[in-house]
Amino acid sequence: GVDWDVTTYYKGYSQGVDVWDLAHAAGLKTVMIVNKEKLRQLAEPETTDVFEIVYGIESTIMKAAIAQIPTGFDLMFVHFGSGDTRGHKYGWMSNAQLKAYRDGDAALGDLLAALNESGLRDSTLIIVTADHGGHDQTHVGTVIEDLLIPWVANGPGIVPGEITTPV
């Protein structure tokens with residue numbers, strides 16, 4: 001139900017039942033740590049127990065997420081915006097964008113280490129994805145690179161393999 005790409009609160013929030021609605025209804029603790037204000041519109045405020053906008057680099061964003069582990073969570077969403085921002089500024093697959101992805105990978109490693117230390121790693125499902133690909137300095141959907149995204153799932157019950165159907 002979200003068909004805009006800017007912060008527009010007058011349009012409301014995502015339409016229909018989403019994972020945040022389901023988790024909240026089940027009494028689960030939900031956390032969103034994001035790098036762009038517009039992501040607030042993915043979930044109504046009453047469905048997220050913790051919502052934090054963290055401006056900065058990936059390690060700073062992940063520190064905020066890792067700080068939530070001791071307080072407990074059932075569903076956590078962490079967003080890094082640098083790859084998209086640098087793609088628009090310097091081009092997709094530019095050195096600057098690839099550095100943002102390397103930094104994100106290192107930050108994800110920090111999260112995995114924190115989950116290991118807390119004894120939660122073996123019981124935590126982790127999904128890593130992106131909202132779009134890109135080419136040149138845009139992602140307007142005119143070429144396949146705009147539409148291809150990574151989608152990685154790891155955790156209990158996940159059978160290793162390659163996804164062969166559209167995500």
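Any value given below was found using the heavy atoms of this structure, including those in side chains, with hydrogens, waters and symmetry copies removed.
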Minimum heavy-atom separation for Asp146 to Thr138, with atom names? OD1-O, 3.9 Å
Enter the distance from Thr85:OG1 to Phe80:CZ here, rounded to the nearest 0.5 Å. 13.0 Å
Between Ile61 and Val78, is a side chain to side chain contact (heavy atoms under 4.5 Å, CB included) present by the stated rule, with each step listed? CA-CA 8 Å; Ile61 297 162; Val78 182; 4.0 Å; yes
Is there a side-chain contact between Trp20 and Leu75, using heavy atoms and a 4.5 Å cut-off? yes
For Leu42, does its backbone N or O pair with a side-chain atom of Ser14 as donor and acceptor, under 3.5 Å? yes
How far apart are the C-alpha atoms of Ile33 and His79, what are their side-chain angles, what is the distance that settles it, and do they pass the side chain to side chain contact (heavy atoms under 4.5 Å, CB included) test? CA-CA 6 Å; Ile33 308 292; His79 168 261; over 6 Å; no
Using the salt bridge (charged side-chain N to carboxylate O under 4.0 Å, His left out) criterion, which residues pair with Lys99? Sequence neighbours excluded. Asp103
Are any side-chain N or O atoms of Glu52 and backbone N or O atoms of Val50, one a donor and one an acceptor, separated by less than 3.5 Å? no
Taking only residues two or more places apart in sequence or in another chain, which ones pass salt bridge (charged side-chain N to carboxylate O under 4.0 Å, His left out) with Lys36? Asp84
Hydrophobic clusters here meaning ILVMFWY residues chained together by side-chain heavy-atom distances under 4.5 Å, can you tell me if Leu39 and Tyr55 are in one? yes
For Ile149 and Ala130, which heavy atoms make the closest approach, and how far apart are they? CD1-O, 3.3 Å
Calculate, to the nearest 0.5 Å, the distance between atoms CG and OG1 belonging to Leu22 and Thr30 respectively. 11.5 Å
Between the side chains of Arg121 and Asn154, is a donor N or O closer than 3.5 angstrom to an acceptor N or O? yes
Cluster overlap Trp151 with Leu125, hydrophobic side-chain contacts below 4.5 Å: yes
Verify whether one side chain among Ser82 and Glu58 offers a donor that lies under 3.5 Å from an acceptor in the other. yes
Check step by step if side chain to side chain contact (heavy atoms under 4.5 Å, CB included) holds for Leu111 and Ile66. CA-CA 6 Å; Leu111 175 65; Ile66 290 170; 4.1 Å; yes
In one Ile/Leu/Val/Met/Phe/Trp/Tyr side-chain cluster, 4.5 Å: Leu115, Val31: yes
Value rounded to 0.5 Å, distance of CD in Gln137 from NZ in Lys89: 10.5 Å
Between Gln41 and Gly12, is there a donor-acceptor pair closer than 3.5 Å when you use the side chain of the first and the backbone of the second? yes
With sequence neighbours excluded, residues passing side chain to side chain donor-acceptor pair (under 3.5 Å) with Arg40: Thr48
Indicate the atoms forming the closest heavy-atom contact of Met93 with Gln97, along with that distance. N-OE1, 2.6 Å
For Val34 and Phe51, what are the C-alpha separation, side-chain angles and deciding distance, and is it a side chain to side chain contact (heavy atoms under 4.5 Å, CB included)? CA-CA 8 Å; Val34 300; Phe51 177 82; 3.7 Å; yes
All side chain to side chain contact (heavy atoms under 4.5 Å, CB included) counterparts of Glu117, not counting sequence neighbours: none
Examine distances only and state if a side-chain atom of Glu145 and a backbone atom of Gly134 form a donor-acceptor pair shorter than 3.5 Å. no
If the condition is ring-ring contact (aromatic ring centres under 6.0 Å, His included), which residues does His135 pass it with, not counting sequence neighbours? none
Heavy atoms from other residues, nucleotides or ligands near OH of Tyr101 exceed 12 (cutoff 6.0 Å): yes
Do the non-hydrogen side-chain atoms of Leu108 and Val128 ever get within less than 4.5 Å of each other? yes
Just so I know, are the side chains of Asp18 and Glu44 near enough to count as touching, which here means a heavy-atom distance under 4.5 Å? yes
Point-to-point distance, once rounded to the nearest 0.5 Å, from CZ of Phe77 to CE of Met32: 5.0 Å
Quick one: does any side-chain atom of Thr124 pair with a main-chain N or O of Leu120 as donor and acceptor, under 3.5 Å? yes
Surrounding NZ of Lys29 (heavy atoms of other residues, nucleotides or ligands, distance under 6.0 Å), is the total greater than 12? yes
All ring-ring contact (aromatic ring centres under 6.0 Å, His included) counterparts of His139, not counting sequence neighbours: His88, Trp92, His132
